[in-house]
Amino acid sequence: MTLIDMLPPGVSVEDLIVLMAGLTAAASSLAVWAALLHRDPATRRARVMAAQREALRSGVLSVRKREKRVQSMTIMRQVVEHLQLLRTAQTEKTALKLARAGWRSKDAVVRYLFLRIALPFAFGVGAIVLLYGFNLYQLDSTMKLMVSLVAVMLGAYVPDVVVKNTALKRQDKIRKGLPDGLDLMVICAEAGLSLDATLRRVADELAEAAPELSDELALTSLELGFLQDRQKALQNLAERTNMPHLRGMVNTLMQAERYGTPLAHSLRVLSAESRTERVLKAEEKAARLPAMLTVPMIIFILPPLFVVLLGPAALDIADAFKDLGY
């Protein structure tokens, strides 16, 4: 079976080529637009805060929407509790994995567990309806069964992929804002502020520039205030972020809490190391750029160049053979 046989009825190869060319042009335009777009963190933060205020106001005014949301969460919770998924040994690991992605509420665990169950069925039913009901592709029974199984497996892995990608993006944002946060902590430590006040002040200062890091530091400051074991609060910060540099900062803070060692000098060293690592990562990306540009250059630049250079010669040769009667 060829690719032409797998096309839906009424769709030709030319239509597929035009569609792919249009998608490529749109993706290239979006990439250029995103590269040239200037992002202002303050503007983005103000827009997010305005959206949150609007969401809160609409939530207060529209009782029906809130009731529907609560009802949907109740259904998810009933399904999860009926299957006793919250009592398994993996629940704590799941909560930690979601916390690393920025979702700390218990409802997030319920949604994640419900989607882990529901999405495989949804993807499988959708594949069965498309392949067996509408007969979208002319496939034999074996291929239809394999496609349905692949759809079920894809539905099972989608929540994990989304959570993992979100956690990696959050870690990258925290890593970018960490040097500035360490510099601010050095200033606060040299000014004589306590650890709780230092974390609270740094979190307030970084609320616009690095909201992810600000959120983690603010939560750690709160935990230092109400937890009996202050070491546990700092260890929670290291577990939630799962980053080497933040673990080094946590170890430094724990030593300062336990032994009373000077904090400013250690934080200054950590800040210099994090800035050096950020520069090295930028240099690494710049070193990979020529190799990454090779394939797009071969695909998008060389064929038009060959057409421009060899096209007139090919047309002249074709005209010459035509005049000779061939």
Side-chain angles (χ1 to χ4, degrees), residues 48 52 55-56 59 66 68-123 152-178 181 196 199-200 203 206-207 210-251 253-254:
V48 171
Q52 290 177 352
L56 290 174
R66 188 166 63 253
K68 291 180 180 179
R69 193 182 305 114
V70 173
Q71 184 178 3
S72 63
M73 276 304 305
T74 303
I75 295 174
M76 293 182 185
R77 188 177 298 277
Q78 289 176 354
V79 172
V80 171
E81 290 180 352
H82 180 71
L83 298 176
Q84 296 183 355
L85 296 178
L86 292 175
R87 300 179 182 179
T88 60
Q90 299 293 328
T91 304
E92 294 183 0
K93 296 181 179 180
T94 301
L96 179 59
K97 183 166 58 175
L98 293 175
R100 290 175 179 174
W103 302 316
R104 304 190 186 93
S105 63
K106 194 173 182 180
D107 292 340
V109 179
V110 174
R111 291 192 186 97
Y112 174 80
L113 295 175
F114 180 80
L115 291 176
R116 284 289 303 270
I117 301 172
L119 285 183
F121 287 101
F123 278 56
V152 172
M153 295 176 62
L154 182 63
Y157 280 102
V158 162
D160 290 330
V161 172
V162 172
V163 171
K164 185 177 180 180
N165 290 337
T166 305
L168 291 177
K169 291 179 180 179
R170 182 179 174 82
Q171 288 180 357
D172 185 64
K173 292 178 180 179
I174 293 175
R175 180 182 58 81
K176 291 180 179 179
L178 185 58
D196 303 18
L199 294 178
R200 193 179 308 111
L206 294 178
E212 292 81 11
L213 181 59
S214 173
D215 186 25
E216 294 293 341
L217 296 180
L219 181 58
T220 305
S221 176
L222 291 175
E223 289 183 346
L224 286 172
F226 68 80
L227 287 181
Q228 295 181 355
D229 188 4
R230 294 171 63 88
Q231 308 289 331
K232 182 62 177 177
L234 297 175
Q235 291 175 359
N236 290 338
L237 173 62
E239 291 179 358
R240 286 196 308 268
T241 53
N242 194 24
M243 296 176 59
H245 283 283
L246 267 176
R247 288 187 182 275
M249 186 190 76
V250 167
N251 292 332
L253 296 177
M254 291 174 63

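Note that the structure is predicted; figures quoted are calculated from it, not measured.
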Item to check | Matching residue for Glu223 among Lys232, Arg240, Arg230 - test: salt bridge (charged side-chain N to carboxylate O under 4.0 Å, His left out) | outcome: Arg240
Checklist entry - In this structure, are over 12 heavy atoms from other groups packed under 6.0 Å from Lys97 atom NZ? => result yes
Working to the nearest 0.5 Å, report the span between [atom1] of [X] and [atom2] of [Y].
X      : Y      : atom1 : atom2 : result
Arg111 : Leu113 : CZ    : CG    : 12.0 Å
Arg247 : Gln235 : CZ    : CD    : 9.5 Å
Leu237 : Leu217 : CG    : CG    : 6.5 Å
Leu253 : Leu234 : CG    : CG    : 5.5 Å
Asp107 : Arg77  : CG    : CZ    : 5.0 Å
Arg100 : Lys164 : CZ    : NZ    : 12.0 Å

Checklist entry - Salt bridge between Asp172 and Lys169, side-chain N to carboxylate O under 4.0 Å? => result no
Next on the checklist: I'd like to know if Asp215 pairs up with Lys173 as an ion pair, taking the criterion as any Lys NZ or Arg NE/NH1/NH2 lying under 4.0 Å from an Asp or Glu carboxylate oxygen.
Outcome noted: no
Where [X] and [Y] come nearest, the two heavy atoms and their spacing:
X      : Y      : value
Ala203 : Ala218 : CB-N, 3.8 Å
Gly155 : Leu119 : O-CB, 3.4 Å
Ser221 : Leu199 : CB-CB, 4.0 Å
Val80  : Val110 : CG2-O, 3.8 Å
Ser214 : Ala207 : OG-CA, 3.7 Å
Ala210 : Gly177 : CB-CA, 4.2 Å

Checklist entry - If we only count heavy atoms from C-beta on, is the Asp160 to Tyr112 side-chain gap below 4.5 Å? => result yes
Item to check | Criterion side chain to side chain contact (heavy atoms under 4.5 Å, CB included) on Asn236 and Thr220, from CA distance to verdict | outcome: CA-CA 8 Å; Asn236 290 338; Thr220 305; over 6 Å; no
Item to check | Whether Thr166 side chain and Val162 backbone form a donor-acceptor pair below 3.5 Å | outcome: yes
Checklist entry - Passes side chain to side chain contact (heavy atoms under 4.5 Å, CB included), Arg175 versus Met243? Steps please. => result CA-CA 8 Å; Arg175 180 182 58 81; Met243 296 176 59; 3.5 Å; yes
Next on the checklist: Does Arg170 form a salt bridge (charged side-chain N to carboxylate O under 4.0 Å, His left out) with Glu216? I'd like the steps, not just the answer.
Outcome noted: CA-CA 11 Å; Arg170 182 179 174 82; Glu216 294 293 341; 2.7 Å; yes
